[in-house]
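Quick caveat, the model's predicted, so the values are computed rather than measured.
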Amino acid sequence: MRSCVAKSVLAVGVATVFVAAGTSLAVVASIADGNSTVAFDTTSSSDRVGMTGWNVDGTEQLYNQWFWFRVGESGPEQRLNVLPEIFSGAFNTNADPRPDTLTINYGSTAGLEIDTTFRVNGGTANSHRSDVTEQLQLTNHGTTQLSLHFFQYCDFDLGGEIPNDFVSIDSISHNRADQGNGLIALSETVLTPMPSNWEVGVYSSTINKLDDANPDSLSGLTGPLVGRQDYTWAFQWDITLNPGDSFLISKDKNLSPTPGVSGFLGIGALVAMRRRRR
């Protein structure tokens, strides 16, 4: 399923592993807990960059999640990893000896700094349950105000299949995205703050928008989109950062069996997996 090779980084006990900027951990890494492994690759120039895998009980659920940003109203959006890397580290927070948390900080301590932290909380074996929390802190260390536009893009292939059954963004709160394939359900909740805009779509409409040469805004489409399609979704935050200000985004992703199919999954309903062709 994967087109990249994620390097597993092991820690002993509760030891912390810190890695200097520019070394391999920041560009190809994995974190793990329980039945789950989450892979990262920030080296790619293809459409697959950033968080490139979420394997739960041996089945790959994610093709790509990453972040784009734009400063000001002109010029294109850029991928977060075009910024210089300041620091990266992976560490363990529980009895599972593998590192479950990854931090990568980008930008400049004299200008715009964007710090990212990902933590996986895996379920028990064959539960097909897993959770990933993400925190992002955007800080203006400079001396002038920044008008910042920040985007999160997600492309999930639940159950190892490219087409899923539906995708939607909550039409009232606009802070939750849901996707399902009939057996596995994904829900992401933006805990704080509310997004400024959002978009559900079919691959590759949204990522083409983020990667083109134009300044863009998401469409506001919430769905639901239904029928077997290669669905994607995105959130957008429009932020004004004065000198010295920080902006914190906190999110939670949860994977679980669709109610009523846990036992079916347990006997191998997800054996058949399709390879993504792009």
Side-chain angles (χ1 to χ4, degrees), residues 3-9 11 16-31 38-53 64-91 99 101-120 132-155 207 209-216 234-251:
S3 61
C4 63
V5 179
K7 182 176 70 176
S8 179
V9 183
T16 300
V17 179
F18 292 109
V19 180
T23 59
S24 61
L25 177 61
V27 293
V28 179
S30 65
I31 55 177
V38 180
F40 298 84
D41 183 353
T42 63
T43 66
S44 177
S45 60
S46 72
D47 66 347
R48 193 178 195 183
V49 64
M51 184 172 164
T52 56
N64 176 215
Q65 176 198 271
W66 200 226
F67 305 101
W68 278 250
F69 73 99
R70 185 180 78 247
V71 177
E73 305 311 312
S74 62
E77 292 76 44
Q78 300 183 80
R79 301 177 184 200
L80 176 58
N81 53 297
V82 304
L83 294 173
E85 182 193 316
I86 302 171
F87 166 84
S88 62
F91 56 94
T101 302
L102 175 68
T103 294
I104 311 175
N105 299 346
Y106 292 99
S108 168
T109 55
L112 174 64
E113 179 179 351
I114 301 178
D115 301 339
T116 68
T117 299
F118 306 85
R119 183 184 179 195
V120 59
V132 171
T133 60
E134 302 167 359
Q135 288 193 326
L136 302 103
Q137 181 167 293
L138 294 70
T139 303
N140 181 5
H141 295 295
T143 59
T144 59
Q145 186 182 82
L146 295 177
S147 176
L148 185 63
H149 306 275
F150 191 76
F151 303 82
Q152 171 202 355
Y153 167 81
C154 289
D155 182 351
I207 195 169
K209 179 187 299 186
L210 294 172
D211 275 337
D212 68 16
N214 304 313
D216 295 293
F235 287 124
Q236 174 181 340
W237 291 264
D238 300 322
I239 308 156
T240 298
L241 280 180
N242 292 314
D245 282 355
S246 290
F247 186 85
L248 179 66
I249 300 171
S250 179
K251 304 187 285 93

Could you walk me through whether Ile207 and Trp68 pass the side-chain contact (heavy atoms from CB on, under 4.5 Å) test, one step at a time? CA-CA 10 Å; Ile207 195 169; Trp68 278 250; 4.1 Å; yes
For the student: nearest non-hydrogen atoms of [X] and [Y], plus distance:
X: Tyr106; Y: Leu80; result: CD1-CG, 3.7 Å
X: Asp47; Y: Asn64; result: O-OD1, 2.7 Å
X: Ser250; Y: Gln135; result: OG-NE2, 3.9 Å
X: Pro243; Y: Gly142; result: CB-O, 3.3 Å

If you round to the nearest 0.5 Å, how far is CZ of Phe40 from CE of Met51?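 Taking CE in Met51 and CZ in Phe40, the distance rounds to 5.5 Å.
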Decide yes or no on side chain to side chain donor-acceptor pair (under 3.5 Å) for Asp115 and Gln137, but give the supporting numbers first. CA-CA 5 Å; Asp115 301 339; Gln137 181 167 293; 4.6 Å; no
Is the closest side-chain donor-acceptor distance between Thr240 and Ser147 under 3.5 Å? no
Using the rule given for side-chain contact (heavy atoms from CB on, under 4.5 Å), can you reason through Leu148 versus Leu138, listing the C-alpha separation, both sets of side-chain angles and the distance that settles it, and then say yes or no? CA-CA 9 Å; Leu148 185 63; Leu138 294 70; 3.2 Å; yes
Sequence neighbours excluded, every pair satisfying salt bridge (Lys or Arg N to Asp or Glu O under 4.0 Å) that has a member inside residues 134-144: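 Only Glu134-Lys251, Glu134-Lys253 qualify under salt bridge (Lys or Arg N to Asp or Glu O under 4.0 Å).
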So, Phe150 versus Phe67, ring centres under 6.0 angstrom or not? yes
Verdict with supporting geometry, Asp211 and Arg79, salt bridge (charged side-chain N to carboxylate O under 4.0 Å, His left out): CA-CA 8 Å; Asp211 275 337; Arg79 301 177 184 200; 2.9 Å; yes
